[in-house]
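First the structure, in the form of structure tokens, and then the observations on it.
Computed from a predicted model, the values in this text were never measured in an experiment. Side chains are part of it too, since the values below use all heavy atoms of this structure and drop only hydrogens, waters and symmetry mates.
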Amino acid sequence: MKSREEVFAILNTKMKKSKFRMSIIILGLAIVGLSIILLNLDSKDKVISKAQFQQLAAFPVPQPTIQYGFVLDTFQVSRDTIQNNEFLADILLRHKVPFADIDELARATKDSFDVRGLRADRPYTILATDTSQAAQYFIYEPSVFSYVIFDLQNKTATKIERPVSTTVKTGAGIIQSSLWNAMTDNGMSFELAASMEDALAWSIDFHHIQKEDRFKLVYEERSIDGQPVGIGKILGAYYKNVDNEYYAIRFENEKHAGYYDLEARPMEKAFLKAPVKYSRISSRYNLRRFHPVLRRTRPHFGTDYAAPTGTPIYAVADGLVTKRSRTRGNGNYVKIKHDDVYQTQYLHMSRFAPGVNVGTHVKQGQTIGFVGQTGLANGPHVCFRFWKNGKQVNHLKENLPPPDPMPAADIPRFNIVKAEIKEELDQITFKNFSSKKVTQPIEGADDAPKEQLGSL
Ligand SMILES: [Zn+2]
């Protein structure tokens with residue numbers, strides 16, 4: 001290391017050089033100086049004592065508050081939310097921006113952000129160097145995912161997307177009353193329950209969940225600045241009911257993203273279990289059913305799913321629309337031909353989905369109409385009818401055709417993903433959950449028939 005004299009000598013010879021070099025040298029000198037201090041701390045003749053040094057280090061350095069890329073400490077900051085029927089001009093006039101400037105700003109920024117698009121209840125921030133003068137920046141947050149900086153002097157608008165980070169989280173629950181309750185009681189969201197239903201919909205009949213069914217999840221949580229903003233993908237799910245346990249492992253290739261069981265068999269089936277989500281079965285396929293409207297025994301060739309009017313009705317499989325019509329009994333209905341064997345029919349719709357006509361090709365999960373109570377119906381529901389070789393059958397009892405298998409070339413990569421996700425799922429325990437709701441053991445609970453919980 002150079003001595004102090006040498007450093008000064010070097011410094012002197014370089015004095016005439018450019019400012020740039022000068023600053024580099026000062027920085028270098030600072031490093032050399034600091035090194036000397038640090039070295040001396042451990043040597044016998046200390047320049048300053050350790051205690052003194054720590055005191056120096058502990059000297060409070062004010063941390064600047066940085067938000068939206070501004071050091072807020074250098075501004076007068078006002079925050080509020082957009083009020084009903086409030087326009088940008090109303091806000092900026094209060095902050096001493098002349099109307100002519102506001103008008104110019106609105107025109108100049110029209111293409112990057114139309115100021116008429118401000119929405120009530122969204123937050124905004126005003127930055128002014130001096131509140132007696134016109135404000136300098138107006139920052140608007142159209143969503144948690146982005147903000148728009150209006151530079152009030154230069155009349156520009158810049159939209160900044162906030163970086164979204166994804167963390168992998170785990171969750172588990174034991175069903176006591178409903179899946180929703182099991183989720184929310186354990187700190188998980190409705191959104192997560194819906195995603196879990198998507199992952200497992202082909203294997204678990206969510207209309208037949210029972211008390212003490214249990215689930216575990218490995219999922220992505222999306223967050224901005226440490227605040228959760230939503231659910232990403234479900235990477236793995238485990239579900240155990242009285243009969244079976246199920247694993248669903250998410251796997252993607254170039255063509256397809258989906259869920260597979262531990263043997264790499266697709267969880268997805270050629271047919272969805274139900275044509276509506278979050279519904280309850282209000283009437284089953286029954287050849288001796290007492291009809292609630294006709295008030296006499298009449299076979300029921302379908303399965304009724306009760307759901308609020310307007311709930312989307314999905315095609316349960318890919319197919320071709322062969323009927324889109326209305327009759328006195330069926331109300332508005334759609335019939336789809338899936339192949340030479342299977343057809344499905346959806347009754348009592350309040351309305352059809354736009355673009356669904358006779359001859360339309362529909363995909364599995366595509367909305368074909370909306371729940372209603374047209375025709376012979378005593379409440380909003382969809383009567384779902386399943387035709388096999390021209391006869392109506394109970395789809396819940398059908399052994400439906402399997403989907404296409406995973407390509408053999410993907411299996412080695414799947415096995416790696418599977419091992420990792422399964423291990424994570426298996427590590428999740430129920431110990432924090434199992435005792436939460438049960439206040440006293442129920443005698444003979446194991447022998448008693450499990451309570452059926454119809455709806456979510
Ligand atoms: Zn029905």
Side-chain angles (χ1 to χ4, degrees), residues 17-34 37 52-84 86-165 222-229:
K17 304 284 181 183
S18 69
K19 273 187 184 172
F20 174 70
R21 280 209 173 161
M22 184 70 183
S23 43
I24 298 277
I25 287 157
I26 290 173
L27 184 67
L29 187 64
I31 291 166
V32 170
L34 186 65
I37 291 170
Q52 278 172 318
F53 182 75
Q54 275 161 0
Q55 218 170 13
L56 282 174
F59 189 80
V61 179
Q63 285 295 309
T65 312
I66 295 169
Q67 198 188 5
Y68 309 117
F70 293 94
V71 179
L72 295 187
D73 315 64
T74 60
F75 290 97
Q76 308 279 340
V77 181
S78 336
R79 298 178 194 272
D80 208 338
T81 53
I82 309 283
Q83 304 299 302
N84 269 327
E86 192 174 43
F87 293 96
L88 182 63
D90 303 323
I91 298 163
L92 294 184
L93 284 170
R94 288 203 298 274
H95 291 272
K96 304 191 171 57
V97 181
F99 191 83
D101 283 4
I102 300 169
D103 192 44
E104 196 190 323
L105 173 79
R107 286 166 203 278
T109 59
K110 204 165 189 252
D111 292 334
S112 39
F113 189 89
D114 189 337
V115 298
R116 291 171 302 180
L118 299 188
R119 283 190 299 117
D121 297 329
R122 294 305 311 164
Y124 68 83
T125 301
I126 301 261
L127 302 182
T129 37
D130 179 347
T131 45
S132 70
Q133 305 289 313
Q136 285 180 302
Y137 296 98
F138 170 75
I139 301 148
Y140 171 67
E141 299 193 29
S143 74
V144 291
F145 297 102
S146 65
Y147 56 89
V148 185
I149 301 173
F150 290 88
D151 181 331
L152 304 177
Q153 280 161 344
N154 298 312
K155 316 284 187 294
T156 58
T158 314
K159 187 171 182 181
I160 313 281
E161 299 290 337
R162 287 191 160 116
V164 178
S165 56
R222 288 148 55 81
S223 57
I224 290 174
D225 297 334
Q227 292 297 312
V229 292

Report all side-chain donor-acceptor pairs from residues 91-99 shorter than 3.5 Å, counting only partners two or more places apart or in another chain.
from, atom 1, to, atom 2, distance (Å)
Arg94, NH1, Glu86, OE2, 3.1
Arg94, NH2, Glu86, OE2, 3.0
Arg94, NH2, Tyr124, OH, 3.4
Lys96, NZ, Thr131, O, 3.4

Which residues share a side chain to side chain contact (heavy atoms under 4.5 Å, CB included) with Thr74, sequence neighbours left out: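 Thr74 satisfies side chain to side chain contact (heavy atoms under 4.5 Å, CB included) with Val71 once adjacent residues are dropped.
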Side chain to side chain contact (heavy atoms under 4.5 Å, CB included) with Ser132: which residues, sequence neighbours excluded?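 Per chain and number, Ser132 pairs via side chain to side chain contact (heavy atoms under 4.5 Å, CB included) with Asp130.
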Does [X] have any salt bridge (charged side-chain N to carboxylate O under 4.0 Å, His left out) partners at least two apart in sequence or in another chain, and if so, which?
X      : result
Arg122 : none
Asp103 : Arg107
Asp80  : none

Partners meeting side chain to side chain donor-acceptor pair (under 3.5 Å) with [X] (sequence neighbours left out):
X      : value
Thr129 : Gln136
Ser223 : Ser165
Asp114 : Arg116
Arg222 : none

ring-ring contact (aromatic ring centres under 6.0 Å, His included) against Phe70, all qualifying residues, sequence neighbours excluded: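 Phe70 satisfies ring-ring contact (aromatic ring centres under 6.0 Å, His included) with Phe75, Tyr137 only.
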Got a sec, which pairs hit side chain to side chain donor-acceptor pair (under 3.5 Å) with one end in residues 155-164, sequence neighbours left out?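 Residue pairs with at least one partner in residues 155-164: Glu141-Arg162.
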With the side chain counted from C-beta on, respond yes when Tyr140 and Ile82 share a heavy-atom pair under 4.5 Å apart, and no when they do not.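 Side chain of Tyr140 against side chain of Ile82, heavy atoms only: contact under 4.5 Å found.
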